[in-house]
Amino acid sequence: MEAGLPANPTLIRSNAPRPKVGIVHLGPGAFFRAFGAPFTSEAVAQSGGDWGILTVSLRSPDIRDRLKPQDCAYTSVTLAPDGAEYAVVEVINDILVAPENPPAVLDAMADPAVKIVSLTITEKGYCSNPATGGLLLDHPDIAHDLAHPSTPKSAIGYIFHALNLRRLAGVAPFTVLSCDNLPNNGPLTRAVVLDFARAFDTDLARWIAINCRFPATMVDRITPATTQADIDALAAAQGYVDNACVMHEPFRQWVITDDFVDGERPDWGAVGAQLVSDVETFELMKLRCLNGTHSALAYLGYLAGHETISETVADPDFARFIKTLWEDEIIPTLPQPEGEDLNAYAQSLLTRYQNPAIRHKTWQIAMDGSQKLPQRLLGTIADNLDAGRDIAGLSLAVAGWMRYVGGVDEKGAPIDVKDPLVAQLRAAYEGHDTPESKVAALLAIRDVFPADLAKNATFRAAVTGAFTQLSANGARATVQGMV
Ligand code: CS2
């Protein structure tokens with residue numbers, strides 16, 4: 001090494017020509033950098049097109065501060081059980097931090113060259129009622145955005161006001177592409193944008209309803225949050241520091257409804273995305289099989305003292321538990337997605353969970369449970385109740401969530417519960433003494449549990465029974481008892 005040079009220089013972007021910006025992406029977190037951005041970068045390499053990405057952080061400057069010094073290049077690290085592969089992704093042209101200059105973000109979204117606004121803003125970013133999907137008009141950010149067209153805060157406010165600017169300028173709308181784990185994420189996004197629009201200007205609502213497109217997607221790649229240890233490991237392996245690197249599993253699957261404004265989109269199909277006419281069956285399969293068992297493992301695994309998913313499923317009782325969930329309670333509720341074998345799909349999920357190179361924390365997946373439970377567990381339970389099928393395992397997962405949001409683990413240590421409803425959940429839990437009354441208070445939260453389900457006697461009994469056992473015997477023994 002030459003004297004004076006740092007041991008590990010920072011990643012430097014190549015001089016490759018940059019496609020012009022055609023996509024504005026809201027939410028530059030690890031999942032987007034591990035999934036949508038590489039797909040787009042590969043599609044451009046394969047088929048060309050002006051599909052450079054301008055990404056926007058709606059809240060914190062952290063990712064901008066990591067990406068900008070590297071000219072928005074970063075490393076996507078594929079972690080297989082037998083080793084890692086590294087690819088530098090250079091498809092992000094710039095990154096903005098919305099609260100620093102909201103009008104600049106609106107201008108970028110209103111640019112006629114932008115054809116797609118894509119989103120990875122997590123479930124809570126839609127400001128919708130998790131149980132019903134409708135826009136929360138009294139959400140503070142939504143109330144703010146209805147009153148302040150040029151300085152929005154929420155993704156929905158940005159989308160609406162940018163569409164307004166485009167209509168005023170006589171420019172066609174962009175396609176809004178939701179890439180979050182919500183059922184029917186396209187129609188859901190359309191519904192909340194239209195709820196917002198109707199509260200602002202019904203004429204504009206009509207224009208959006210007719211001209212804008214909101215394709216649904218199913219997105220899948222396990223991507224734990226990047227840690228400093230990951231950054232250090234990359235530096236040791238590759239000889240450069242990349243503060244914006246992302247770690248993910250080899251598997252990826254993207255199913256998209258092929259419904260874009262003027263048909264304009266990158267050639268994602270050329271690099272493995274499935275462009276279909278109906279995403280719903282794929283989305284249900286993924287939300288219920290993967291995210292449903294992920295949440296079950298997150299709450300019960302955390303309570304049992306497991307730090308990661310791979311650690312949790314290394315415990316044979318937990319592995320058996322989720323296999324039973326798939327076989328008896330999840331797969332029987334699913335319609336058949338074209339070209340998928342549901343039993344093989346579930347089997348491959350277990351293999352993916354077992355990947356020891358992926359350190360996906362139970363605590364990370366446990367986050368925002370109030371926003372996740374309805375589509376991951378409760379819909380499946382409701383379908384089973386209608387069909388007279390078993391709900392014991394899924395009810396144990398719901399009871400695990402209830403114990404978890406109580407905020408104290410099985411050793412008496414506090415749990416750092418992250419959830420937009422944390423205060424309400426904690427109050428329901430702490431305001432009651434017996435398992436029955438705690439469960440009843442949590443079931444009464446209408447943002448999470450639809451009234452019909454909460455009133456169902458079979459469901460109430462199953463959750464109360466599971467919660468009582470969890471409180472008395474702990475998660476390990478309860479899971480063991482169930483299998
Ligand atoms: C996880 C998902 O954090 C979570 O809630 O269940 O992020 C999951 O890893 C992805 O949906 C996999 O595609």
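All ligand and atom numbering here is 1-based and tracks the order in the structure.
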Where ligand 1 meets [X] - atom numbers and elements under 4.0 angstrom, heavy-atom basis:
X: H360; value: 9 (O)
X: K286; value: 10 (C), 11 (O), 12 (C), 13 (O)
X: H294; value: 1 (C), 6 (O), 8 (C), 9 (O)

**Prompt:** Backbone, side chain, both or neither: what part of D220 comes under 4.0 angstrom of ligand 1, heavy atoms only?
**Reply:** both

**Request:** Give the contacting part of M218 toward ligand 1: side chain, backbone, both or neither, where contact means a heavy-atom distance below 4.0 Å.
**Result:** neither

**Item:** 4.5 Å side-chain heavy-atom contact, I92 and F32
**Value:** yes

**Item:** Pairwise side-chain contact, T324 with M482, heavy-atom cut-off 4.5 Å (strictly under)
**Value:** no

**Message:** Tell me whether M367 reaches ligand 1 (any heavy atom closer than 4.0 angstrom to a ligand atom).
**Reply:** no

**Asked** Is any side-chain N of the basic residue among R403 and D409 closer than 4.0 Å to the acidic one's carboxylate O?
**Response** no

**Prompt:** Should K124 and D447 count as an ion pair when the cut-off is N to O under 4.0 Å?
**Reply:** no

**Request:** Note the single closest protein heavy atom to atom 2 (C) of ligand 1, along with its residue, its atom name and the distance in Å.
**Result:** N291 ND2, 3.6 Å

**Item:** Residue and atom name of the nearest protein heavy atom (relative to atom 7 (O) of ligand 1), distance in Å to one decimal
**Value:** N181 ND2, 4.3 Å

**Request:** Start with the C-alpha gap between H360 and Y353, add the side-chain angles, then the distance that decides, and say whether ring pair (Phe, Tyr, Trp, His ring centres under 6.0 Å) holds.
**Result:** CA-CA 9 Å; H360 204 184; Y353 293 174; 8.9 Å; no

**Message:** For R66 and D242: C-alpha separation, side-chain torsions, deciding distance, then whether salt bridge (Lys or Arg N to Asp or Glu O under 4.0 Å) applies.
**Reply:** CA-CA 8 Å; R66 292 169 180 272; D242 177 351; over 6 Å; no

**Asked** Between F31 and F35, how do the two ring planes meet: parallel, tilted or perpendicular, split at 30° and 60°?
**Response** parallel

**Prompt:** N/O of R376 under 3.5 Å from N/O of ligand 1, yes or no?
**Reply:** yes

